[in-house]
There are 2 protein chains.
Amino acid sequence: MSDLLQRLRSRGWRLTSQRRVVAEVLDGDHVHLTADEVHLRAAARLPEISRATVYNTLGELVAIGEVLEVSTVGRAKRYDPNARRPHQHLMCSGCGMIRDVHPVGNALGDLPESERFGFAVGSVEITYRGLCPACA
Amino acid sequence: MSDLLQRLRSRGWRLTSQRRVVAEVLDGDHVHLTADEVHLRAAARLPEISRATVYNTLGELVAIGEVLEVSTVGRAKRYDPNARRPHQHLMCSGCGMIRDVHPVGNALGDLPESERFGFAVGSVEITYRGLCPACA
DNA sequence: TCCTACGATGGACTTCGTCCAAGTCAAGAA
DNA sequence: TTCTTGACTTGGACGAAGTCCATCGTAGGA
């Protein structure tokens, strides 16, 4: 994660304690926290940190591609720090838990030219849904 | 769409003017309206219809599988009446326009057992992203 | 050490959606 | 046809998630 801090610094980011804490909170695999959870965990280490700062920092991290936003139907956005290695998601329809997964095959190639409607298709996002062992 | 009304009646639904209007608004292909847009269009035909009723009706239609909720990163949910024929989505990163698409291949089968983490995987949702001709 | 522009703060505000008590009405019964 | 009843609708309050903004604080260069 100090890699991340280095990359941020080289982009001209000021390394404030708030940004450092947000980056630390997002460290790890299979991490898919909501903004509120990020705020909660960040506040445990830095009690004065504000919600606005967490939203700002997450938004900036998403903008520069260090973090992905995961869209979840009807729930708060989740933030996925594993942006540097391509992967897809498996989501529990019961509790909302998310795991990173790596399907085989080439989903982009599975979309025929005739189905592209003139779009310049650049990426594909796949979400598998089902019940996790705990919810089943 | 009168098919839909018949199916709803056979499920014991009362066919109120409000429900009829919501069903009419959702008629067609490549329709992906937000709840607010549904309300706007419904109100054009039935000015007294309330937001709560639109939300209720959409929720019920989703619950019985006649309409799909489409997750869009960050924006309001969209409702897709084309629930009876399986399809995926192609979304413009510029303007947010959505088209229904039909990829070849078997995305569900592309997820190896070792990547399922004990989940009972039931469905897969694929969103292709790119720029539409107008935005490119 | 000092300066200053970039970043943080917190509270108001917006958007999207849900809930509820009270009123209305579709459709079956007589 | 009229009656009855409980399912449906309404509008407004409420809540969660997210944005905006004026002001204050401070990282890091001079």
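Quick note on labels: first sequence line is chain A, next is B, and so on, each numbered from 1. Computed from a predicted structure; not experimentally measured.
Glu48(A) places its CD atom 13 Å from the C1' atom of dG10(C), with the value rounded to the nearest Å. When the P atom of dG10(C) is taken as reference, atom CG of Asn56(A) falls 13 Å away, rounded to whole Å. Atom P of nucleotide dC6(C) and atom CG of Leu15(A) are separated by 16 Å, given to the nearest angstrom. As a whole-Å value, the separation of Arg19(B) CZ from dC8(D) C1' is 6 Å. Rounding to whole angstrom units, CZ of residue Arg20(B) and P of dT9(D) are separated by 11 Å. Distance His39(A) NE2 to dA16(D) P: 16 Å, rounded to the nearest Å. The distance from atom CD1 of Ile49(B) to atom C1' of dC8(D) is 11 Å, rounded to the nearest whole Å. Rounding to whole angstrom units, CD of residue Glu69(A) and P of dG18(D) are separated by 8 Å.
Arg14(B) contributes no side-chain N or O that forms a donor-acceptor pair with the base of dC8(D) under 3.5 Å. The base of dG11(C) does not come close enough to the side chain of Arg51(A) for any donor and acceptor atom to sit less than 3.5 Å apart.
With hydrogens and angles left out, the side-chain atoms of Asp100(B) and His32(B) include a donor and acceptor closer than 3.5 Å. A side-chain donor from one of Glu115(B) and His102(A) sits under 3.5 Å from a side-chain acceptor of the other.
Nearest nucleotide to the Ser50(B) side chain, out of dG11(D), dA27(C), dG17(C): dG11(D). Of the candidates dT19(D), dG7(C), dT9(C), dT19(D) carries the atom nearest the Lys77(A) side chain, counting heavy atoms from C-beta on. With dG28(D), dC16(C), dT10(D) as the choices, the nucleotide that has an atom nearest any side-chain atom of Tyr55(B) turns out to be dC16(C). Closest contact between the side chain of Arg9(B) and the listed nucleotides dG18(D), dG17(C), dA27(C) involves dA27(C).
Ranked by how close their nearest DNA chain C nucleotide is to the 5' end, Gly12(A) and Arg78(B) are led by Gly12(A). With the nearest nucleotide of DNA chain C identified for both Ala52(B) and Thr16(B), Ala52(B) has the one nearer the 5' end. Comparing Glu60(B) and Asp36(A) by the nucleotide of DNA chain D whose heavy atom lies nearest to each, the residue mapping closer to the 5' end is Glu60(B).
The environment of CZ in Arg116(B) is crowded: more than 12 heavy-atom neighbours from other residues, nucleotides or ligands sit within 6.0 Å.
Exactly one residue among Leu4(B), Val31(B), Asp27(B) makes a side chain to side chain contact (heavy atoms under 4.5 Å, CB included) with Pro81(B). That residue is Val31(B).
Within the structure, every side-chain polar atom (N or O) of Gln18(A) is placed at least 4.0 Å from both OP1 and OP2 of dT26(D).
Taken from CG in Leu61(A) to CH2 in Trp13(A), the straight-line distance is 4.0 Å, to the nearest 0.5 Å.
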